Amino acid sequence: MDIAQLADQIVPYAAAALGAYGTGAIAKIGENTTDGAASIGRRLVIRIFGEKPSEQAQEALDDLSGAPGDPDLRAVLRVQIRKALAADPVLAREVAEMVRSSGVVASGERSVAAHEISGIVVTGDGAQIRKA
């Protein structure tokens, strides 16, 4: 798998984990604290960046934890993920396997990935949802 594509797939998981846990608590929380994207994202962030991320990676993680939906902050984290994976091909293969084994993969613009959806998911421009 291409590193850029892999990074694209990791960012939503990482954002879910950072939104749920914040960067300060992400490494301290137990393995089975939650199900779904946040749990997968937690494992991916720890595997990619370890216990002591580089200054740039830590800044990207901290920034995104405050605004997990911000597309600019997601792009900054994606760059840090790409750098980490490009620097270590073994890590890239291991992380790709973690993503594949998660059972959920979203690929492409406006894709949705979830283990479970309990509400409405809308992608696209100009979508309107009306209560009946």
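All of these numbers come straight from a predicted model, not from anything done at the bench.
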Q: Check the surroundings of atom CZ in Arg82: do more than 12 heavy atoms from other residues, nucleotides or ligands lie under 6.0 Å from it?
A: no
Approximate separation, where rounding is to 0.5 Å, of [X] [atom1] and [Y] [atom2]:
| X | Y | atom1 | atom2 | value |
| --- | --- | --- | --- | --- |
| Ile48 | Arg43 | CD1 | CZ | 12.5 Å |
| Leu6 | Arg100 | CG | CZ | 8.5 Å |
| Leu91 | Met98 | CG | CE | 9.0 Å |
| Asp2 | Leu85 | CG | CG | 10.5 Å |
| Phe49 | Gln80 | CZ | CD | 6.5 Å |
| Asp72 | Asp63 | CG | CG | 11.0 Å |

Is any side-chain heavy atom of [Y] closer than 4.5 Å to one of [X]?
| X | Y | answer |
| --- | --- | --- |
| Ser54 | Lys83 | no |
| Pro68 | Leu18 | no |
| Leu64 | Val76 | no |

Q. Which atom pair, heavy atoms only, marks the closest approach of Gly22 to Ser65?
A. CA-CB, 4.0 Å
Q | Minimum heavy-atom distance Leu77-Ala14, with the two atoms named | A | CD2-CB, 3.8 Å
